[in-house]
Structures are given as C-alpha cells and as structure tokens.
Protein chains: 2
Amino acid sequence: MVTIVNLAETATLIGDPTRTAMLFTLMDGRAFTAGELARAAGISAPTASSHLAQLCAGGLLSVERQGRHRYFRLAAPEIASILEGLLVVTAHRLPAIPRTGPRDRAMRHARICYDHLAGEVGVALFARMVAQGHVRLAENGAEITGPGARFLADLGIDMTHQRGAPACRLCLDWTERRHHLAGRAGAALCRLALDSGWMRRVEGTRALNVTPTGIAALRKHFALAP
Amino acid sequence: MVTIVNLAETATLIGDPTRTAMLFTLMDGRAFTAGELARAAGISAPTASSHLAQLCAGGLLSVERQGRHRYFRLAAPEIASILEGLLVVTAHRLPAIPRTGPRDRAMRHARICYDHLAGEVGVALFARMVAQGHVRLAENGAEITGPGARFLADLGIDMTHQRGAPACRLCLDWTERRHHLAGRAGAALCRLALDSGWMRRVEGTRALNVTPTGIAALRKHFALAP
DNA sequence: GCAATGCTTCGATCCGCGGCGAACCATCGG
DNA sequence: CCGATGGTTCGCCGCGGATCGAAGCATTGC
C-alpha cells in the first residue's frame, strides 16, 4: 500500500511540534518569511530552513521568492482543513500570531519596494486596477488589458512596444501580505507618483509621504479614499 | 501552545506507517482484535500492543475487552474523516496515481467510510439528495428538510426524536474530492443499503459491490443511473 | 565597491522511538 | 489443576531525525 506510506509521511510532517507551530502561524492564509516563522516557532534559522524545505517537498507549503526573502504559505486550503480536523480530536484554542513588519506607520502606509509602490497604498492601488479591469490576473502573474493600456496612456505611461523586463509582475507586499504591482508598469507608476509630486521620499528610509496633491490624484484616477 | 503540542502528538500517532496501516484496517467501522491488527500491519504482537496502547491513550481508538480478546475500533467518526482528509492532501501532492486495477475501481465506485457510503455512489447519492431538496446545506454542515424526513421515512429510516450524534455530517470523499453524507443519516442509509441487499461487502476490503437490486433501487429512489 | 541582512548547506551531536525476543500475566478448554 | 492461546511488560539495539554553530551564497542598501 503505497498510499498508506505517503499518508503517514504527510502526517509525520504535521506531527513535529515545531512544524505544527509554523503551520499554525500560516493558518490565516497570509504568507510569512522564513525568519518570521523561525522566530514564531522559537528555533534557529538553520532548523527552520530544514523544516520549511521538508514541508514544501511534502506539498504542504508553497514558497515565493522575493529578493532576499522567501515567503511561505499553505499550499492549499485543504491543508488548513486538515489542521482544523486534527483540532477536533484535541483541544480548541486560537493560535497566537506574531505581529511582524515595520513599526513605522509611514512605512506601512506607503513605501518604495525596489522600484515600485508598496504598503497599504500600493496594495490598494493594485486592487483597484484589477477591480476596474485595467489589469487581469493571469496564469503566471498579470497582464495589462486594452482599457488598462489606454488608462495608463492617459496618465502619460506608454506600455506599448517595449521589451525586456515583463510589464506586470506581482510582488508580495511585506506588510499587507497581499500582492501589489511590480514589473515595468509598477516602476512606471512609482516614477509617475514621485515625478508628479503625489508622494515624497522620507529622508533616510524607504517610506513615502502622500502629499495633498497625491491624495487628490489617487481619488481622481483610482477612486481611492486616503 | 499547549494545543499545538497536543495536535502534534495526534498527528505523530497517525504518522507512523505501522499505526497508519492499523487505522486503515479499522476504517471500515468494524472492530478488530490486537492479533488481527498485528497481522494486518505485519508486525509482532509486542510491537502491536505498544502501538495500540499509544493510539488508545491518544484518543484515536477505543477498546473493548471480551474474554481474552481485546477489540479495537476507531474512537469516533471524526477520526475517519481526518484520515480521509489526509488522503485528499496526500493524493493532491502525488500527480501520478496509478488509477488502474479492478480492486481500485471497485473502491472508487463504492466503499464504506467508517459507517457510511463513500465513493462515486456515495457522492452521487448525496448530490441527488441535495438537488431534490431532501438535504439542505447549512452553515455548519447540513440538515434534513421536512420533505427529506418524509423521504427517509418512506425508506424505513426514522430521523425524528433522536439525539446524540448529529443527523447530518459532511465527509470529504477521498477519491471524488467532494462531500458525501455522514452522521446518523449517512449511517442509516448505509445500513439500509446493506440490509436491503443493494450492496455487498467485498471480503477483506472496504469496497462495496452494487447488486442488480441495488441498481434498480438507486434508480427508483434516487433517480441515479448506474 | 563594501557591509548588512536573509537564508541555506554542512558537519556533528544527541535524543526519541520503533523494532524484536524473552519472560510474564490473563483467560479459556478440559 | 494443566496446557494452550491471546496480550502485555521489560530490556536492549539501532536508526532516523531534530537541533545548533559555523561557514557559504544571494540580495539589498549605501
């Protein structure tokens, strides 16, 4: 019975207390970095790396590289169901989720991520573009729609006849744990925001201050409340 | 934190291949002696005794003394649900599953899951009951409607004035990846199918053979084509 | 460029646990 | 009583895996 052995492997993966702690941390559906999960489980980075590799190989976690970070999340909703099912046999209690991310409010609100916008503003902006049909989520990332290209052109961003880096990349937001827009389009929007005076860099950090001009522009072009 | 450790202990209990084999043997809802489980798992009596003691201490099995025999069974229907759920995740991880062989075909078509029907027949039967308004999907599982209670009464199943285990539970089907009916109603339907000669157990497995009588009955009562 | 940060690999250590044989206890048939 | 059968306890062995420190690789920030 091959299936029995495989099932036992899956259960063994869940069975280690350290790995269980990691899985529990991930049970809210967000993604966490390897270091965050190591701290959450109270183990060293090497041990965490080993555990995470096993969980990925076992199909319980999926991983997304982001610069020097690696974001882990549950590979499927069924994983969470299994954990809840196991809870039926044991006691019930909500897991403690570590508060992570920068303490700086400005950083949370808006910041530069590499060459594009991140934080609450970046995530909300991307969500609006998807909702308005300017960006369509695709199999391997996202793509700009016809109306989206016209919308960007009105803002002075020409996305046609360009090659090299992909136009749209999805970037997992550090503080929001949701995707924001990267790639050439994301970089262009970030340049636009800085060049138009919508946002200004805060000296010495990656944080961005949204100016009154920016608040008005975000409301006008993206129907975003401040 | 305590719950995490307890949950990990439960998963570890399931995680040993030998114990998994025992649990699988017990998944048809019947009780087996320690010696039978030892032979089924291919281990010596002392080892089996140790494993069974652990499974009982972990709340996965219950035991019943009868003379010099000790009969073990799954402690609760939820245990079977967890095992099936783990199978779903494990099967999801393995893309290439050998889906051939007559024994596997019979298992996929109809089988017993603890005390109720599973497989294509079990899933289809539940789907028909929902479509016909006999069962209504609810927030936390499902419930039998008024017409559903009358329908079951016509089949000789009385679901009124009973307490204890819930009437309707949903169980995720291992092979179909959809829900089938568990709980008291599911168990009653399974008993009906066996007692009425609709299906017969295949010796040594959880598979069920649907008899010609059963095919006719499923068509008549549930409008199910074979 | 260089330093700092995040993560992985390697090597070594150590503990837990599954496995069995032998002996022991419990129950049944006579 | 006495053997036969079913199960458990005990002692021991060996392997697997969890852990960490140190070193190495990759990426970012300045």
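For clarity, every value in this text was computed on a predicted model and none was experimentally measured. Protein chains get the first letters and strands the later ones, always in sequence-line order, with residue 1 at the start of each.
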Strictly below 4.0 Å: does [X] bring a side-chain N or O up to OP1 or OP2 of [N]?
{"X": "B:Arg19", "N": "C:dG18", "result": "yes"}
{"X": "B:Ser49", "N": "D:dT8", "result": "yes"}
{"X": "A:Gln66", "N": "D:dT28", "result": "no"}
{"X": "A:His51", "N": "D:dT19", "result": "yes"}
{"X": "B:Thr47", "N": "C:dC20", "result": "yes"}
{"X": "A:Gln54", "N": "D:dG17", "result": "no"}
{"X": "B:His69", "N": "C:dT27", "result": "no"}

When all nucleic acid strands are considered with a 4.0 Å heavy-atom cut-off, which category describes [X]: base, sugar-phosphate, or nothing?
{"X": "B:Glu36", "value": "nothing"}
{"X": "B:Thr18", "value": "sugar-phosphate"}
{"X": "B:Ala45", "value": "base"}

Nearest whole Å is fine: how far is [N] [atom2] from [X] [atom1]?
{"X": "A:Ile14", "N": "D:dA18", "atom1": "CD1", "atom2": "P", "answer": "14 Å"}
{"X": "B:Arg70", "N": "C:dC25", "atom1": "CZ", "atom2": "P", "answer": "17 Å"}
{"X": "B:Asp16", "N": "D:dC15", "atom1": "CG", "atom2": "P", "answer": "17 Å"}
{"X": "B:Arg65", "N": "C:dA26", "atom1": "CZ", "atom2": "P", "answer": "9 Å"}
{"X": "B:Tyr71", "N": "D:dG7", "atom1": "OH", "atom2": "C1'", "answer": "14 Å"}
{"X": "A:Glu64", "N": "D:dT27", "atom1": "CD", "atom2": "P", "answer": "15 Å"}
{"X": "A:Arg68", "N": "D:dT27", "atom1": "CZ", "atom2": "P", "answer": "11 Å"}
{"X": "B:Leu55", "N": "C:dG18", "atom1": "CG", "atom2": "P", "answer": "10 Å"}

Query raised in the report: What heavy-atom pair brings B:Asp16 and B:His51 nearest, and what distance separates the two atoms?
Result: OD2-CE1, 3.6 Å
Query raised in the report: Can you tell which of D:dT19, C:dT8, D:dT8 lies closest to the side chain of A:Ile43?
Result: D:dT19
Query raised in the report: Step by step, would you call B:Arg73 with B:Glu36 a salt bridge (charged side-chain N to carboxylate O under 4.0 Å, His left out)?
Result: CA-CA 12 Å; B:Arg73 54 162 44 96; B:Glu36 287 169 344; over 6 Å; no
Query raised in the report: Taking atom types as modelled, is there a side-chain donor on B:Thr47 or B:Ser50 under 3.5 Å from an acceptor on the other?
Result: no
Requested in this report: Assign the ring pair A:Phe222 / A:Trp198 to parallel, tilted or perpendicular, where the plane angle (0 to 90°) is split at 30° and 60°.
Outcome: perpendicular
Report task. Taking only Lys NZ, Arg NE, NH1 and NH2, and the carboxylate oxygens of Asp or Glu, determine whether A:Arg184 and A:Glu143 approach each other closer than 4.0 Å. Result -> no
